[in-house]
**Q** 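Attaching a single structure in structure tokens format; questions to follow.
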Protein chains: 2
Amino acid sequence: MTLPDPAQLDAADPLREFRSRFFIDDPDLIYLDGNSLGRMPLAACEILHRQAEDGWGSRLVRGWNEGWFDLPARLGAKIASLIGAEPDEVVVADSTSVNLFKLAAAALEFQSGRSQIVSDDLNFPSDLYVLQGLAQTAGRKVVMARSPDGIEPGDVEPLIGGETALLTLSHTAFKSGAIRDMAAISAAARSVGALTLWDLSHSVGAVPVDLSGSGIDLAIGCTYKYLSGGPGAPAFLYVRRDLQERLRNPIAGWFGQARPFAFELKYEPASSLRRFQTGTPPILSLAAIEPGVDLVIEGGMDRIREKSMLLTGFLADLWERDLRPLGVALNSPLDAARRGSHISFGHPDGWRVDRALIEDARVIPDFREPDNIRFGLSPLYTTFTEVDEAVRRFRELLEQRTYEKYPPARAEVT
Amino acid sequence: MTLPDPAQLDAADPLREFRSRFFIDDPDLIYLDGNSLGRMPLAACEILHRQAEDGWGSRLVRGWNEGWFDLPARLGAKIASLIGAEPDEVVVADSTSVNLFKLAAAALEFQSGRSQIVSDDLNFPSDLYVLQGLAQTAGRKVVMARSPDGIEPGDVEPLIGGETALLTLSHTAFKSGAIRDMAAISAAARSVGALTLWDLSHSVGAVPVDLSGSGIDLAIGCTYKYLSGGPGAPAFLYVRRDLQERLRNPIAGWFGQARPFAFELKYEPASSLRRFQTGTPPILSLAAIEPGVDLVIEGGMDRIREKSMLLTGFLADLWERDLRPLGVALNSPLDAARRGSHISFGHPDGWRVDRALIEDARVIPDFREPDNIRFGLSPLYTTFTEVDEAVRRFRELLEQRTYEKYPPARAEVT
């Protein structure tokens with residue numbers, strides 16, 4: 001198989017200049033985990049310095065009146081532009097899990113006569129944990145579609161019916177990268193009166209979504225993957241405008257109060273989406289989100305998706321030629337249009353191979369049990385040359401079996 | 001009335017060297033709002049630079065194995081030492097409001113046969129909002145003790161009985177600064193089988209508490225006031241060790257899972273306090289907490305409390321001599337032992353006076369409806385000279401009525 005020259009692909013890449021906007025101190029290190037933690041934009045580093053010295057240090061508590069209070073909504077409006085939502089339909093708050101809890105609990109209360117939450121086994125485990133905990137509290141049941149092969153999602157539509165209070169899925173699956181058909185599934189749910197909640201964590205900034213056009217109700221997503229918001233950066237949530245005043249935030253805090261600085265004794269929710277904020281947001285982590293979001297806006301979701309498909313396509317071709325013969329499986333859909341911006345490779349010694357990639361080959365993927373090595377390709381800074389070189393190093397360590405010196409399994413967190 | 005010379009008080013202050021450890025770029029600005037947002041430790045600024053460039057920038061996703069994952073527990077153990085708790089009884093996570101929700105919901109589930117939450121009207125409004133929202137979800141009722149004068153807390157013990165699932169109060173009241181007798185009230189609650197949850201936000205780092213010695217069950221608190229953790233820095237929560245495995249976190253996320261990196265489909269809670277973590281924590285804001293906590297540990301809670309009482313005592317004496325004759329009320333307990341580290345002054349034109357203090361007099365207090373001007377005195381960096389000078393400027397603007405040029409009320413947040 002003759003593959004294109006990666007240097008030529010890079011030269012023809014309309015996004016090639018964006019790489020220089022990120023902090024890269026070690027060009028020999030091939031970082032393919034932007035789907036877990038995106039690289040730091042240089043401007044994020046500057047914003048942190050500024051928020052520390054000029055903000056917290058110098059302006060002190062006055063910072064709340066000089067931009068901090070409005071920051072969750074202002075960032076939300078920018079993220080809205082990336083996911084086909086209106087500016088007043090997205091806000092940044094809390095973690096992805098806490099946002100899922102708030103929206104799912106609100107949906108269950110709204111759907112008081114229905115007994116089931118429908119999801120699937122490709123959904124992110126933390127989402128499933130939140131749903132299980134909530135189901136226990138609210139006396140509901142979680143029903144799950146099963147993937148036939150751990151790669152392609154199972155058929156969820158037969159599970160949706162009159163008992164479905166809420167349908168909630170990941171748009172792009174964290175492990176295989178498979179993309180769900182948001183519009184079709186949401187239409188099926190809507191036709192039986194179920195609410196829909198989508199986790200966009202592995203899509204936002206890499207895979208276009210059109211929330212308004214898909215007719216969905218609720219969404220959540222994280223900002224630290226393709227948006228490069230920083231480690232554990234606060235997450236976002238989406239509530240369709242006409243639902244905002246009809247849903248109740250179960251965690252009622254002062255940032256969701258109609259008049260937070262009146263310090264009234266009785267809670268009255270803000271009439272806007274602000275009601276889905278709760279406590280005081282962590283400003284330093286929050287402020288660091290903006291530069292990455294700005295870079296994605298500047299790059300443009302269409303160009304980003306186009307390059308993402310070229311990158312994963314190139315990687316799939318390299319796999320076919322160089323890795324498949326060495327026993328590496330493709331645990332992602334083969335069709336680029338059916339997958340997000342990462343590819344999972346299966347290998348029986350996955351954990352050891354992942355170790356060797358990181359420690360010896362200086363390629364950073366991540367590992368997902370039981371045997372998945374994920375290569376995340378971030379269109380704003382991953383180059384075709386890096387992908388080519390990563391596969392060369394991968395092939396070499398498989399041929400030389402250098403991974404066998406590592407322990408066969410991950411040590412457990414205690 | 002002859003008052004001591006503030007310069008002599010400063011010279012005799014055993015904590016006087018600590019001020020130089022904080023970022024202070026404008027010595028003429030008298031910052032008396034450390035009870036809302038504490039000043040930035042110089043070391044926090046350094047940690048932010050390091051976490052940005054060396055952490056996120058350079059180590060990238062490897063940071064999670066190099067300290068980030070354990071940071072919530074490590075910081076919790078340090079905070080535990082300040083509040084009379086064991087190292088494994090405190091963890092840093094989420095916001096104060098989300099932590100209150102988690103612990104209060106867990107307590108209500110544990111106390112399934114009891115119908116009431118008992119609190120009082122001096123509790124922080126956001127806490128009351130969370131309790132109201134939770135009571136609505138869980139079909140319980142919030143019963144409130146009423147303060148006779150808005151300064152001293154009302155008598156809560158008559159409200160505690162066999163129907164009390166949970167008693168929850170602020171240890172130091174956000175508005176008046178009055179301190180509750182934690183041990184006595186908790187003993188009364190315990191004697192009828194009620195669980196106790198204390199909000200330590202206005203105490204931690206300023207007023208000693210002894211959680212183990214007081215026999216309480218649960219606590220929460222923020223880190224951005226006297227701990228100088230940074231704007232909106234993540235909060236902490238305390239669960240007494242023997243309760244940890246008996247309570248269920250209603251927001252079940254992967255950071256509370258027994259094996260978070262196994263990505264199992266079914267939630268199994270960690271056996272330790274880690275089960276009360278939920279989503280991925282915001283590392284930049286989290287890391288910035290440590291230097292302020294370290295400074296409080298180094299200063300020592302006994303010396304800090306001693307200086308705090310001297311500071312608020314000096315301010316109360318100045319009020320008596322200079323402000324009371326000009327129509328300023330003392331909205332805090334007169335006895336230093338009965339109040340925390342801030343003093344609230346009442347004035348019929350409170351909002352305008354607050355504006356004039358900030359804009360004209362360069363004194364930064366904060367304002368709490370309807371008429372409270374709070375002066376927060378932070379023992380690690382507030383000087384007696386500053387307190388003296390702040391009162392001089394306050395008196396001057398009252399005498400010259402310069403505050404009358406400001407609008408009579410706060411503009412509403414919309």
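Numbered from 1 within each chain, the chains take letters A, B, ... in sequence-line order.
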**Q** Identify the two heavy atoms, one from A/L357 and one from A/P365, that lie closest to each other, and give their separation to 0.1 Å.
**A** CD1-CG, 3.8 Å
**Q** Can you tell me how far apart CG (A/D127) and OG (A/S170) are? Round to the nearest 0.5 Å.
**A** 5.5 Å
**Q** What's the spacing between A/S58 OG and B/D25 CG if we round to 0.5 Å?
**A** 3.5 Å
**Q** Counting heavy-atom pairs under 4.5 Å with chain A, which one of B/W56, B/Y224, B/Y267 comes out on top?
**A** B/W56
**Q** Does the B/R362 side chain pair with the main chain of B/I30, one donor and one acceptor, at a distance under 3.5 Å?
**A** no
**Q** For each of B/G279, B/S36, B/G57, tally heavy-atom pairs with chain A at distances under 4.5 Å, and name the one with the top tally.
**A** B/G57
**Q** Report yes or no: does A/R275 contribute a side-chain atom to a donor-acceptor pair with the main-chain N or O of A/L247 at less than 3.5 Å?
**A** yes
**Q** Taking ring-ring contact (aromatic ring centres under 6.0 Å, His included) as the test, write out the residues that go with A/W254, two or more places apart.
**A** A/F261, A/F263, B/F124
**Q** Heavy-atom distances under 4.5 Å only: say whether A/L29 touches chain B with side chain, backbone, both or neither.
**A** side chain
**Q** Can you say whether A/F255 sits under 4.5 Å from chain B via the side chain, the backbone, both, or neither, judging by heavy atoms?
**A** neither
**Q** Taking all heavy atoms of B/R274 and all of B/A258, pick out the closest pair and write down the distance.
**A** NH2-O, 3.2 Å
**Q** Please identify, among B/S126, B/A44, B/C45, B/G34, the residue contributing the most non-hydrogen atom pairs under 4.5 Å to chain A.
**A** B/S126
**Q** Identify the heavy atoms of B/S176 and B/H342 that sit nearest to each other, and give their distance.
**A** C-NE2, 4.1 Å
**Q** Can you name the closest pair of heavy atoms from B/K225 and B/S201 and give their distance?
**A** CD-O, 3.4 Å
**Q** Between chain A and each of B/A235, B/P234, B/G229, count heavy-atom pairs under 4.5 Å; write down the option with the most.
**A** B/G229
**Q** Just checking, is any N or O donor in the side chain of A/S147 or A/D121 under 3.5 Å from an acceptor N or O on the other one?
**A** no
**Q** For chain B, find its close neighbours in residues 96-104 of chain A: heavy-atom separation under 4.5 Å, sorted by number, or none.
**A** A/S97, A/V98, A/F101
**Q** So which part of A/E268 gets closer than 4.5 Å to some heavy atom of chain B, the side chain, the backbone, both or neither?
**A** neither
**Q** Check B/D120 against B/L128 and note the closest heavy-atom contact, atom names and distance.
**A** O-CD2, 3.8 Å
**Q** Does B/Q257 reach the main-chain N or O of B/K266 with its side chain, forming a donor-acceptor pair under 3.5 Å?
**A** yes
**Q** If you count heavy-atom pairs under 4.5 Å between each of A/P282, A/A288, A/G133 and chain B, which one has the most?
**A** A/P282
**Q** Relative to chain A, which segment of B/L42 carries a heavy atom at a distance below 4.5 Å: side chain, backbone, both, or neither?
**A** neither
**Q** Side chain, backbone, both or neither: which part of A/K175 has an atom under 4.5 Å from a heavy atom of chain B?
**A** neither
**Q** Out of A/S95, A/A105, A/G256, which one racks up the most heavy-atom pairs below 4.5 Å with chain B?
**A** A/S95
**Q** For chain A, which residues of residues 47-54 of chain B have at least one non-hydrogen atom nearer than 4.5 Å to it?
**A** B/L48, B/H49, B/A52, B/E53
**Q** Out of A/P250, A/P281, A/G232, which one racks up the most heavy-atom pairs below 4.5 Å with chain B?
**A** A/G232
**Q** Answer with side chain, backbone, both or neither: which region of A/I251 has an atom nearer than 4.5 Å to a non-hydrogen atom of chain B?
**A** both
**Q** Who passes side chain to side chain contact (heavy atoms under 4.5 Å, CB included) against A/E369, sequence neighbours left out?
**A** A/F367, A/R410
**Q** When you look at B/R62 and B/E66, which way does the salt bridge (charged side-chain N to carboxylate O under 4.0 Å, His left out) test go after all the steps?
**A** CA-CA 6 Å; B/R62 294 167 290 186; B/E66 295 168 359; 5.2 Å; no
**Q** Has the side chain of A/S228 got a donor or acceptor atom that lies under 3.5 Å from a matching backbone atom of A/M40?
**A** no
**Q** Are A/Y31 and A/Y381 near enough that their ring centres are under 6.0 Å apart?
**A** no
**Q** Shorter than 4.5 Å, heavy atoms on both sides: which option in B/I364, B/V142, B/D26 has the most such pairs with chain A?
**A** B/I364
**Q** Spell out, as yes or no, whether a donor-acceptor pair under 3.5 Å connects the side chain of B/R374 to the backbone of B/D366.
**A** no
**Q** Do you know which of A/A233, A/A252, A/G253, A/P231 has the most heavy-atom pairs under 4.5 Å to chain B?
**A** A/P231
**Q** So which of B/T278, B/T137, B/L131, B/L265 has the biggest tally of heavy-atom pairs under 4.5 Å with chain A?
**A** B/L265
